[in-house]
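Comments concern the structure below.
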Amino acid sequence: MYGLVDCNNFYVSCERVFNPLLKGQPVVVLSNNDGCIIARSNEAKALGIPMGAPLHLYKKLIDQKNVFTYSSNYTLYGDMSARVMDSLNYFVPDMEIYSIDEAFISLKGFNLNSLVEEMSDIRKLIYQWTGIPTSIGVGPTKTLAKLANKIAKKYTSNGVYIVTISDQLTQILDDMKLEDIWGISKGWGARLRSIGINTPLQLQQSDPCQIRKLISVVGERIVYELRGNSCLQLEEVVNKKTITVSRSFGNMIDDKDDLKKALANHVVRAAEKLRYQDSLCSGIHIFINTNRYRKQDLQYSNGAMINFDEPIDNTVEIINESFKLLENIYRSNYNYKKIGVVLLGLKQNKKNVIENTYIIQSNLFTLNQNLSNNSKKSDVCMKLFDDINSRMGKKTLFYGSQGMQKRSKKIKQKADKWSMRSCYKSPSYTTKWNDVLKVY
DNA sequence: TCTGGGGTCCTAGGACCC
DNA sequence: TCTGGGGTCCTAGGACCC
């Protein structure tokens, strides 16, 4: 079983820890430059203030109803998040920090009969230690744990809900909207409806291959996950693959030197994050935008990218490179609203590779060299995969190459057959060597 | 001159998430 | 007048290789 622990109205709850008078009051937290509303207390939600709304559209209501507004304080939220995660980790060793206010936990070894009580205790103690209220949803897959969490937040008094494969789940899925399911947003919801799938229940009971054709393998996995067939595992150690730092300006900027100052600041922060996770970047991307909401203004947005010969983590070097890129894309006579930098191709700085990975890698390399003429590489690979699967005790790996799926009709049919087999055998599969190495 | 199978690697763009 | 910031994954398609 998986659990999802989610902090309630996290940013607002953080503010309340340091100002208890806010309890029971409508409170919102604002984005950078106080532009948008990015967190709301239940009382503010009840007033009809939506998530992400521009502040100026709700200023009147906020003043009328005496809603407390706070500028965001990410340092505080990050710190509080770490406290919550540490507390949770005290009870549950296997966890994946999914976002600043959410973590998936593995409940292997927990007694199912007393799960509600145990989860309630965890909630109580996290609240006692950090002052942050949480909700916990439990289910046989991550997707169902997410769903359970939603129910826990909305409909329970103890903040805990457990979903099992049962008639009750069928009822829940029938009552909910497609967009209530983790991973299904407006776009995909509309596409699903266009083929007659209107509820999560219908999605659960649909043909996975059909769903895959409609909304890719991501959708296919959702079908399996809704059936209680787990496709998404806990990912405990996650190093970021890209690091972005960008900000909108309070006032618009047209001067190149001012842009450079902002860019340099962003790079400094990005490089800090980079070194914090002990990585090097092999390239950077920078971008600038005018204000897209000001239709009356001339619009311009552009980006530029560079790859380095050797990966680096030195702030000054990255700043110099980013300035060179800025020269390429900067145009005078525009009012700029935003600038940002993205560090790309992040690599582990210190060599820290598990031995097993080397073994498999060397197997794959020798495979390339030792193929006899009448043995197809894919066949040999499949055997190797089977070997990995049996040794790992997982029947989850599947190999199909990207190249094969787009060659010709003939091949396409073959690839479809393979994917059907993979659906049948196991919903989780990989098309990339690196994924195999990671799993192994 | 035309036609195959079987692949790797990379990128842009479009989804989705909090 | 005022409209956030930071991520992930997947797919299609091109360049290239034998």
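Chain A is the first sequence line, chain B the second, and so forth, proteins listed ahead of strands; every chain is numbered from 1. Just so you know, these numbers use all the heavy atoms, side chains as well, and skip hydrogens, waters and symmetry mates. The structure displayed is predicted, hence computed values, not measured ones.
Ring geometry for Tyr336(A) versus Tyr300(A): interplanar angle over 60°, hence perpendicular rather than tilted (30 to 60°).
Between Ser246(A) and dG6(C) there is a side-chain polar atom (N or O) within less than 4.0 angstrom of OP1 or OP2. For the OP1/OP2 pair of dT3(C) and a distance below 4.0 Å, the side-chain nitrogens and oxygens of Lys337(A) include at least one atom meeting the criterion. When the side-chain nitrogen and oxygen atoms of Tyr293(A) are compared with OP1 and OP2 of dG4(C), one or more of them lie within a distance under 4.0 Å. In this model, the phosphate group of dC18(B) is approached by a side-chain N or O of Lys146(A) to a distance below 4.0 Å at OP1 or OP2. Between Ser248(A) and the phosphate of dG5(C), there is a side-chain N or O to OP1/OP2 separation shorter than 4.0 Å. Taking side-chain N and O atoms only, Ser31(A) has no distance below 4.0 Å to OP1 or OP2 of dT3(C).
With contacts defined as side-chain heavy-atom distances shorter than 4.5 Å, the pair Ile306(A)/Ile284(A) qualifies. Between Ile126(A) and Leu88(A) the shortest side-chain heavy-atom distance falls below 4.5 Å.
A pairwise comparison of heavy atoms in Tyr2(A) and Leu232(A) identifies OH-O, 3.7 Å as the closest pair. Considering all non-hydrogen atoms of both residues, Thr141(A) and Gly228(A) come closest at CG2-C, 3.5 Å.
In this structure, Asp101(A) reaches the sugar-phosphate backbone alone: every heavy-atom distance under 4.0 Å involves primed, P, OP1 or OP2 atoms, never a base. If you check every strand for non-hydrogen atoms under 4.0 Å, Asn291(A) touches sugar and phosphate atoms only. Looking at heavy-atom distances under 4.0 Å, Tyr98(A) makes contact with sugar-phosphate atoms alone, never a base. Note on Thr242(A): only backbone sugar-phosphate atoms sit closer than 4.0 angstrom, heavy atoms only; bases stay farther off. Note on Arg269(A): nothing from the nucleic acid sits closer than 4.0 angstrom, heavy atoms only. Nucleic acid contact for Lys59(A): none, since no nucleic acid atom lies under 4.0 Å from a heavy atom of the residue. Heavy atoms of Ile243(A) sit under 4.0 angstrom from primed sugar atoms or phosphate atoms, though from no base atom. Residue-level contact check: Ile184(A) touches the backbone only, with heavy atoms under 4.0 Å from sugar-phosphate atoms and none from bases.
Between the side chains of Asp6(A) and Ser135(A), no donor N or O sits under 3.5 Å from an acceptor N or O. Defined by atom type and a distance below 3.5 Å, a donor-acceptor pair is present between the side-chain atoms of Tyr70(A) and Asn19(A). Residues Asn9(A) and Asn42(A) have side chains that bring a donor and an acceptor to within less than 3.5 angstrom of each other.
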Nucleotides 12-14 of chain B: which of its N/O atoms have a protein N/O under 3.5 Å away?
none

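In summary, Glu321(A) and Lys324(A) engage in a salt bridge, as defined by a charged side-chain N under 4.0 Å from a carboxylate O.
Taking the nucleotide of DNA chain C with the nearest heavy atom to each of Val218(A) and Tyr74(A), the more 5' of the two is matched to Tyr74(A). The 5' end of DNA chain C is approached more closely, in terms of each residue's nearest nucleotide, by Arg294(A) than by the other of Glu235(A) and Arg294(A).
A cation-pi arrangement, defined by a distance under 6.0 Å to the six-membered ring centre and an angle within 45 degrees of its axis, is absent between Arg221(A) and Tyr224(A).
Here the side chain of Lys240(A) is nearest to one of dC18(B), dT8(C), dC16(B), namely dT8(C). Distance from the side chain of Thr244(A) is smallest for dG7(C) among the nucleotides dC10(C), dG7(C), dG4(C). Considering only side-chain atoms of Val217(A), the nucleotide from dC16(B), dC10(C), dT3(C) that sits closest is dC10(C). Among dT1(C), dG5(C), dG4(C), the nucleotide with an atom closest to any side-chain atom of Arg247(A) is dG5(C). Across dC16(B), dC9(C), dG7(C), the shortest atom-to-atom separation from the side chain of Lys241(A) is found for dC9(C).
Rounded to whole angstrom, the span from the CG atom of Asp63(A) across to the P atom of dC2(C) amounts to 19 Å. Residue Arg212(A) contributes atom CZ, which lies 12 Å from atom C1' of dT11(C) at whole-angstrom precision. Atom CG in Asn73(A) sits about 16 Å away from atom P in dG5(C), given to the nearest Å. Distance CD1 (Ile62(A)) to P (dT3(C)): 15 Å, rounded to an integer number of Å. Atom pair Asp180(A):CG and dC18(B):P shows a separation of 12 Å (rounding to whole Å applied). Distance Glu102(A) CD to dC17(B) P: 12 Å, rounded to the nearest Å. Look at CD1 on Ile222(A): it is 15 Å from P on dA15(B), rounded to the nearest Å. The distance from atom CD1 of Ile38(A) to atom C1' of dG5(C) is 8 Å, rounded to the nearest whole Å.
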Which dot-bracket notation, 5' to 3', represents the base pairing of DNA chain B when pairs are defined as Watson-Crick or G-U with both distances under 3.5 Å, crossing pairs as [ ], and inter-strand pairs as |?
....||||||||||||||
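When the options Lys65(A), Lys59(A), Lys60(A) are evaluated for a salt bridge (charged side-chain N to carboxylate O under 4.0 Å, His left out) with Asp63(A), the one that passes is Lys59(A).
Here Lys256(A) contributes atom NZ and Leu326(A) contributes atom CG; the two are 7.0 Å apart, rounded to the nearest 0.5 Å.
Remark: nothing in residues 195-207 of chain A comes within less than 4.0 Å of DNA chain C through any heavy atom.
Two rings, from Tyr11(A) and Tyr77(A), have their centers less than 6.0 Å apart.
Checking side-chain atoms of Asn149(A) against main-chain N and O of Leu4(A) turns up a donor-acceptor pair under 3.5 Å.
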